[in-house]
Amino acid sequence: MPTLTEKIIKAHLQEGVMDKGSPIAIKIDQTLTQDATGTMAYLQLEAMGVKQVKTELSVSYVDHNTLQSGFENADDHKYLQTVAKKHGIYFSRPGNGICHQVHLERFAAPGKTLLGSDSHTPTAGGIGALAMGAGGLDVACAMAGRPFNLKMPKVVNIKLTGKLNKGVSSKDIILKVLQIMSVKGGVGKVIEYTGEGVKTLNIPQRATITNMGAELGATTSIFPSDEITHEFLKKQNREECFVPLCADDDAVYDETYEINLDDLEPMIAMPHSPDAVKTVREVAGKKIDQVAIGSCTNSSYRDMMIVASILKNHVVADNVSLCISPGSKQVLTMLSENGALTDLISSGARMLECTCGPCIGMGQSPITNAWSLRTFNRNFYGRSGTLSANVCLVSPEVAAYSAIKGCIADPREADFDIPAEPDHFEINDAMIIPPEKEHPEDVEIVRGPNIKPLPENTPLADEVEKQVVIKVGDNITTDHIAPAGAKVLPFRSNIEKISEFIFRDVQPGFKKHCQEVGGGFIVAGQNYGQGSSREHAALAPMYLGIKAVIAKSFARIHLANLVNFGIVPFTFVNEADYDSIDEGDVLKIANLHELQPGKNMTVVNTTKNTTFEVAHTLSQLDVDILMAGGRLNYIKMGK
Ligand code: MIC
Ligand code: SF4
């Protein structure tokens, strides 16, 4: 009676028992990194003294930080290329495509575990892999052959029935799931898709759903591996990777939801949260300024062909700027060979590189007060680079049809053909450089001046008495904590420099403030640290002297990153205590060396002369890591 998730975990279990919520450790078969988190991951791998990776496959992608407006990004790329060659890692060159799209096409396999230093690694769940996002340090540990530590997740079943109507797509399925479960509804859970409706979705459609499952806060999402998976792998010349996989018929789930695809209609996530979901019908007619199509959620061949079919013989409306980034060179080549690229270009679309691009604020920031429709997965405040912009998340169908209409429009009214499935995919791996097998010791790692050494932390003190340097509300994203975009990303390998941007749009001058008061505590509401896996949102605060975050609740990856860098993640036992704390209050936490799993601690608010209780979900391993001042220190101690 196991679920698919339980089957894959069981086959990879190295430590712990599979009781919901208990700490387990699983073997990782594959890893992936991208450039914006990869430089840190490889610096950490080097710091661990690892010569050759111990995984079955590790791939380093360059897709985020590709705008080379100075030497920094090019330096990072060169470092990544050389470090990969030396240590047994495949290197996907800049322009080859978005990590998740390329991984799905060329490497992901059913039944395998994949750990990626990017929160959308669950994209590979579309092919039946157990694929999870993590901080770079956890991925470095996996490359070093260490198992990945997590809590045994609960498993949620989303049963799909029926079949999508024309103009409705798998993006609408995941937007519907977000409407039902919210951005924190998936924390501690894996989302498994089952039911007859699954058979109506091809692999890219499934991958759109598992990709954006990240926005639920879920550990991952997964589809069964079936005949459709088999066909996809065959067309990618990778039939040998196929294994059929599914949950047992009588599998027991912790929660079950049912979505009838026949009844689904086009959906839209309104500013500024992926779960602020409405039907397109409710907001149709609203004038828009920009449409951006692409990202790891919606840049497959299938998506681009639908877009081309809607745009064919039309021109983008005068008031709209349309940009399109195909997800990979494979997709772009196929579009160019079958002529669909001409339809995109003729519509007036601005064609961009096969990279993340505007999704991570790398160009194409919209105009002031813009309404921007994007096929992406995140519309967090400020992420587009224009603070006043209203960014909405939609399917490729809604995006393309709205671009020609000039306003939010329902694609069920559009006249277009649904493109046929390709009979093969164009295979050309020339942009993926294999590692040096014969003489890796001869490969020289190139480090430009932007590659700075990792900052170090000291072991946890027994008593900490410091100020609350910032108090924030619910659903603070890592984009709030450590913003991205073209101006900041070049410093991902330079913590001193990137720390200047911490909480940039929430509390300007945060770095200076921390330096003046010698660091301190962060107080936060629900779901603190949702969104990306960027460990800079923990590493840079650690560098600025943050010792603990006290929140109502945490997002999974950020919680792990805090522990990895020696910042204690506490939760309020009584949420009302959150209200009694003000920014600037001095808090004292004593006896930190007595921290142990399941044991609450007392915090004294010396400014208000009050006390309150805090809890945590730390395992013994987490406690040991915190005591050492972070995971690297812990590993260096020979653990
Ligand atoms: C994102 O979508 O937020 C990112 C950029 O891909 C991040 C990783 C990063 O910050 O480098 C993610 O999703 O983990
Ligand atoms: Fe890149 Fe956007 Fe996907 Fe993150 S969500 S990996 S920035 S395309």
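Note that ligands are numbered from 1 as they come in the structure, with each ligand's atoms numbered from 1 the same way.
For ligand 2, the atoms closer than 4.0 angstrom to any heavy atom of Asp118 are 6 (S). In the vicinity of Arg383, heavy-atom distances shorter than 4.0 Å reach the ligand 2 atoms 2 (Fe), 5 (S), 7 (S). Of all atoms in ligand 2, listed by their number and element, those nearer than 4.0 Å to a heavy atom of Asn377 are 5 (S). Close approach to His100 involves these atoms of ligand 2, each under 4.0 Å from a residue heavy atom: 6 (S). Shown in contact with His64 at under 4.0 Å from a heavy atom are these atoms of ligand 2, numbered in order with element: 1 (Fe), 4 (Fe), 6 (S), 7 (S). Set against the non-hydrogen atoms of Ile360, the atoms of ligand 2 under 4.0 Å away are 7 (S).
Shortest contact from atom 7 (C) of ligand 1 to any protein heavy atom: Ser532 CB, 3.3 Å. Atom 11 (O) of ligand 1 has Arg492 NH1, 2.8 Å as its closest protein atom, hydrogens excluded (heavy atom only). Atom 8 (S) of ligand 2 has Cys296 N, 3.3 Å as its closest protein atom, hydrogens excluded (heavy atom only). The nearest heavy-atom contact from the protein to atom 2 (Fe) of ligand 2 is Cys359 SG, 2.3 Å. At the top of the distance list for atom 10 (O) of ligand 1, counting protein heavy atoms only, stands Arg534 NE, 2.6 Å. Here the protein heavy atom with the shortest distance to atom 5 (C) of ligand 1 is Ile360 CD1, 3.2 Å. Of the protein's heavy atoms, Ser119 OG, 2.5 Å lies nearest to atom 13 (O) of ligand 1. If you check which protein heavy atom lies closest to atom 2 (O) of ligand 1, you get Arg383 NH2, 2.9 Å.
Taking backbone and side chain together, Cys99 holds no N, O or S atom under 2.8 Å from atom 1 (Fe) of ligand 2. For atom 3 (Fe) of ligand 2, the N/O/S atoms of Cys356 include none lying under 2.8 Å.
Look at Gln34 and you'll find a heavy atom under 4.0 Å from some atom of ligand 1.
Residues His558 and Tyr528 place their aromatic rings such that the two centres sit under 6.0 Å apart.
For the 3.5 Å distance criterion, the side chains of Ser300 and Arg302 fail to qualify, holding no donor opposite an acceptor. A donor and an acceptor atom, one from each side chain of Thr31 and Ser58, are located under 3.5 Å apart.
Using the six-membered ring where Trp is involved, Phe503 and Phe510 have ring planes that are perpendicular, over 60° apart on the 30 and 60° scheme. Between Phe425 and Tyr301, the two ring planes are perpendicular [angle over 60°; tilted spans 30° to 60°].
An N or O contact shorter than 3.5 Å links Arg378 to ligand 1 by distance. Of the N or O atoms in Asp479, none lie within a sub-3.5 Å distance of an N or O in ligand 1. Considering backbone and side-chain atoms alike, Ser117 places every N or O at 3.5 Å or more from each N or O of ligand 1.
Considering every non-hydrogen atom in both Pro94 and His77, the closest pair reads CG-ND1, 3.9 Å.
Rounded to the nearest 0.5 Å, atoms CE (Met542) and CG (Asn457) are 4.5 Å apart.
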